[in-house]
Amino acid sequence: MFKRDLDLEKRWSKLLDGLKDTIGKKPNDLNGVLFLIGVQELGKGTKTFSKEQKQDLMHIAVCKVLSYAGFYELEFVDQEGWPHWKLIKELPHFDLLEQEKLLKIQVMEYFEKEYQIEI
């Protein structure tokens, strides 16, 4: 494993520990963190979501965190308060491992910018 990969995993672990301190439960993985971001971005608090809504929340989170890298921009928020994003720059063709790394980096940037959390 490369040094930068080790650094990424250390920072990711620190983020997960910080989320545990904040919400009382450590997310299991990237999908858990994306779900939390989606719920936060929707702004409707904690409630029961359908399977489709959970997928939509994760999509909201992916778009939000990738917006920091210039891939998406917020297009509009519908009448029910759900944000809709527009792809503005083609995503790179990465394998699954590289996609996960990109998302982790962007998730950490989200928490640094939105919540001034130093990771």
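Reckoned from all heavy atoms, side chains included, excluding hydrogens, waters and symmetry mates. Along the sequence shown, the residues carry numbers beginning at 1. None of these values were measured; they are calculated from a predicted model.
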In chain order, what residues pass the side chain to side chain donor-acceptor pair (under 3.5 Å) check against Glu73, with sequence neighbours excluded? Lys86
To the nearest 0.5 Å, how far apart are OG1 in Thr48 and NZ in Lys54? 8.0 Å
Apply side-chain contact (heavy atoms from CB on, under 4.5 Å) to the pair Leu30 and Lys104, showing each step before the final yes or no. CA-CA 7 Å; Leu30 176 59; Lys104 284 181 175 180; 4.3 Å; yes
Which distance, rounded to the nearest 0.5 Å, do you find between the NZ of Lys64 and the CG of Leu66? 12.0 Å
Residues pairing under salt bridge (Lys or Arg N to Asp or Glu O under 4.0 Å) where one sits in residues 21-37, two or more places apart or in two chains, turn out to be Asp17-Lys26
Nearest 0.5 Å please: distance from the CE atom of Met108 over to the NZ atom of Lys113. 13.5 Å
According to a hydrophobic-cluster definition based on side-chain heavy atoms being under 4.5 Å apart (Ile, Leu, Val, Met, Phe, Trp, Tyr only), do Leu8 and Leu96 belong together? no
I need the minimum non-hydrogen distance between Ala61 and Gly38, along with the two atoms involved. CB-N, 3.7 Å
Would you say Ile60 ends up clustered with Ile88 if hydrophobic residues are merged whenever their side chains have heavy atoms under 4.5 Å apart, either directly or through other cluster members? no
Lys44 side chain to Glu80 backbone, donor-acceptor under 3.5 Å: yes
Check ion pair Lys3-Asp7 (N to O, under 4.0 angstrom): yes
Do Tyr110 and Gln40 have side-chain atoms, one donor and one acceptor, less than 3.5 Å apart? no
Within a 6.0 Å radius of atom NZ on Lys20, are there more than 12 heavy atoms belonging to other residues, nucleotides or ligands? no
Should Ile105 and Trp12 count as side-chain neighbours, where that means a heavy-atom distance under 4.5 Å? no
Which distance, rounded to the nearest 0.5 Å, do you find between the CZ of Phe71 and the CD of Gln106? 7.5 Å
Atom CG in Leu57, atom CG in Leu34: separation rounded to 0.5 Å? 11.0 Å
Indicate the ring-plane relationship of His84 and Phe76, choosing parallel, tilted or perpendicular according to the 30° and 60° boundaries. parallel
Shortest non-hydrogen contact from Val39 to Gly45? CG1-O, 3.7 Å
Hydrophobic clustering (ILVMFWY, side-chain heavy atoms < 4.5 Å, transitive) - are Tyr115 and Leu103 grouped together? yes
Using the rule given for side-chain contact (heavy atoms from CB on, under 4.5 Å), can you reason through Tyr72 versus Leu91, listing the C-alpha separation, both sets of side-chain angles and the distance that settles it, and then say yes or no? CA-CA 10 Å; Tyr72 287 92; Leu91 291 164; 4.0 Å; yes
Atom CG in Leu15, atom CD1 in Ile117: separation rounded to 0.5 Å? 7.0 Å
Note, Glu9 side chain near Asp5 side chain (heavy atom, < 4.5 Å): no
Minimum side-chain heavy-atom gap Lys10-Lys14 below 4.5 Å: no
side-chain contact (heavy atoms from CB on, under 4.5 Å) evaluation trace for Phe49 with Leu42: CA-CA 12 Å; Phe49 295 101; Leu42 182 61; 3.9 Å; yes
